[in-house]
Amino acid sequence: MNRQDELEEGLRALPLCQYEFLPADQVPFSGRVREICRKECPRYHKSWSCPPAVGEWEACRMKALYYRRAFVFSTVAEGVDTENMEALLATRSGHEDVVRQVRAGFERVYGECLTLSSESCDVCPICAYPAPCRYPERMLPCIESFGIVVPLLAEQCGMEFSFGAGTVTWFGLIFFDKKEEEG
Ligand code: SF4
């Protein structure tokens, strides 16, 4: 069994809604996403998983491009009162569990990876930022924090961004297959 088959066998056991593999350099980045973070997101400057703590978006892009390939995936929660923000956000912890299992599968087969998830890290009830992160090994940066245009990425990959009323779609993104160090 080759590495891809081994990986996909593990992925089949997880409740992923849709997924796609693509070359890392085809993931769409834009500084405009970071502008939206800065102007509109209440988590801006409040978490290690968000800007500006994650670094400039161009540096984030370079970090992602240390890897050859990317894997984007979604999970979907159904029967959610999407008008109720608390109920909507409560569906996220299941997604985060799945992201960690997907990450473990990739690390087992490909070694070190870069894993991004939906929204700001919520491992701690109140983030320690700007004091040091309490659980850096558990913290997953938000996909948008890297300047990634998630609706465009989903469109490129033929994935649904939304499944309609009463559903919440969460995304995860893993960069894997690290390039050899030069020199
Ligand atoms: S693990 Fe805790 S301290 Fe670190 S980013 Fe997440 S919430 Fe903040």
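We number each residue from 1, following the sequence as shown. Just so you know, these numbers come straight off a predicted model, no measurement behind them.
- Taking 4.5 Å as the limit, every side-chain heavy atom of Val27 sits out of range of all side-chain heavy atoms of Phe146.
- Taking all atoms of both residues into account, the shortest heavy-atom contact from Gln18 to Gly158 is NE2-O, 4.0 Å.
- The ring pair (Phe, Tyr, Trp, His ring centres under 6.0 Å) with Phe71 is formed by just one residue from the set Phe106, Phe171, Phe176; it is Phe106.
- The shortest side-chain heavy-atom distance between Val54 and Ser49 does not fall under the 4.5 Å cut-off.
- Note that CZ of Arg103 is 8.0 Å distant from CD1 of Ile174, once rounded to the nearest 0.5 Å.
- One distance of note links CZ of Arg138 with SG of Cys133; it measures 10.0 Å at 0.5 Å rounding.
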Are Glu35 and Arg38 close enough, and set up right, to give a salt bridge (Lys or Arg N to Asp or Glu O under 4.0 Å), and what steps lead you there? CA-CA 5 Å; Glu35 275 301 290; Arg38 188 173 65 81; 3.0 Å; yes
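- More than 12 heavy atoms of other residues, nucleotides or ligands sit less than 6.0 Å from atom CZ of Arg68.
- Here Arg100 contributes atom CZ and Thr115 contributes atom OG1; the two are 9.5 Å apart, rounded to the nearest 0.5 Å.
- Counting non-hydrogen atoms of other residues, nucleotides and ligands closer than 6.0 Å to CZ of Arg61 gives a total of 12 or fewer.
- By the criterion of side-chain heavy atoms lying less than 4.5 angstrom apart, applied directly or through intervening Ile, Leu, Val, Met, Phe, Trp or Tyr residues, Phe21 is not grouped with Met159; the two fall into different hydrophobic clusters.
- For the atom pair CG (Leu114) and NZ (Lys178), the distance works out to 9.5 Å, reported to the nearest 0.5 Å.
- Within the 4.5 Å cutoff, side-chain heavy atoms of Ser118 are placed close to those of His95.
- Proximity of Ile148 to Phe29: side-chain heavy atoms (C-beta onward) are separated by under 4.5 Å at one or more points.
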Working note: Cys157 + Leu22, criterion side-chain contact (heavy atoms from CB on, under 4.5 Å); need CA distance, chi angles, decisive distance, verdict. CA-CA 8 Å; Cys157 293; Leu22 70 160; 4.1 Å; yes
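- A continuous path of ILVMFWY side-chain contacts below 4.5 Å connects Phe161 to Leu173, so both sit in one hydrophobic cluster.
- Both Met85 and Val168 sit in one connected hydrophobic cluster of ILVMFWY residues. Membership requires side-chain heavy atoms under 4.5 Å apart, directly or through other members.
- When side chains are defined from C-beta on, Val102 counts as touching Leu14, because their heavy atoms get closer than 4.5 Å.
- Clustering ILVMFWY residues whenever any of their side-chain heavy atoms sit less than 4.5 angstrom apart, transitively, puts Val109 in the very cluster that holds Leu16.
- Linking ILVMFWY residues whenever their side-chain heavy atoms come closer than 4.5 Å, directly or via other members, places Val80 and Leu89 in the same cluster.
- Closest of all the heavy-atom pairs between Pro15 and Val98 is CG-CG2, 3.8 Å.
- Checking Leu153, Val33, Val150 one by one against Pro28, the side-chain contact (heavy atoms from CB on, under 4.5 Å) holds for a single residue, Leu153.
- Minimum interatomic distance between Ser30 and Val149 (heavy atoms only, all atoms of both residues): CB-CG2, 3.8 Å.
- Residues Gly111 and Cys113 approach most closely at O-SG, 3.2 Å, considering heavy atoms.
- Side-chain N/O atoms of Arg43 and Ser120 include a donor and acceptor closer than 3.5 Å.
- Heavy-atom neighbours of Glu155 CD from other residues, nucleotides or ligands within 6.0 Å: at or below the threshold of 12.
- A donor-acceptor contact closer than 3.5 angstrom is absent between the side chains of Arg69 and Gln26.
- In summary, the side chains of Glu8 and Tyr19 do present a donor paired with an acceptor at a separation below 3.5 Å, with no hydrogens or angles considered.
- Here the CD-CG distance, from Glu119 to Leu140, works out to 13.0 Å after rounding to the nearest 0.5 Å.
- Atom SG of Cys60 and atom CG of Leu116 lie 8.5 Å apart (nearest 0.5 Å).
- Between Asp122 and Arg92 there is a side-chain heavy-atom pair separated by less than 4.5 Å.
- By the neighbour-count criterion of 12 heavy atoms within 6.0 Å, atom CD of Glu107 is densely surrounded, having more than that number from other residues, nucleotides or ligands.
- The shortest distance between side-chain heavy atoms of Tyr110 and Leu7 falls below 4.5 Å.
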Test side chain to side chain donor-acceptor pair (under 3.5 Å) applied to Glu160 and Thr169, step by step: CA-CA 9 Å; Glu160 298 295 330; Thr169 309; over 6 Å; no
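- The main-chain N or O of Ala131 is found under 3.5 Å from a side-chain atom of Trp48 such that the two form a donor-acceptor pair.
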Mind running side-chain contact (heavy atoms from CB on, under 4.5 Å) on Tyr44 and Lys39 for me, showing each step along the way? CA-CA 8 Å; Tyr44 187 84; Lys39 291 182 180 157; over 6 Å; no
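- Contact between Gly147 and Trp57 at its shortest, heavy atoms only, is CA-CB, 4.4 Å.
- With hydrogens and angles left out, the side-chain atoms of Trp170 and Thr91 include a donor and acceptor closer than 3.5 Å.
- In this structure, the side chains of Phe73 and Cys17 stay at 4.5 Å or more apart for every pair of heavy atoms.
- The closest donor-acceptor contact from the side chain of Arg34 to the backbone of Ser145 lies under 3.5 Å.
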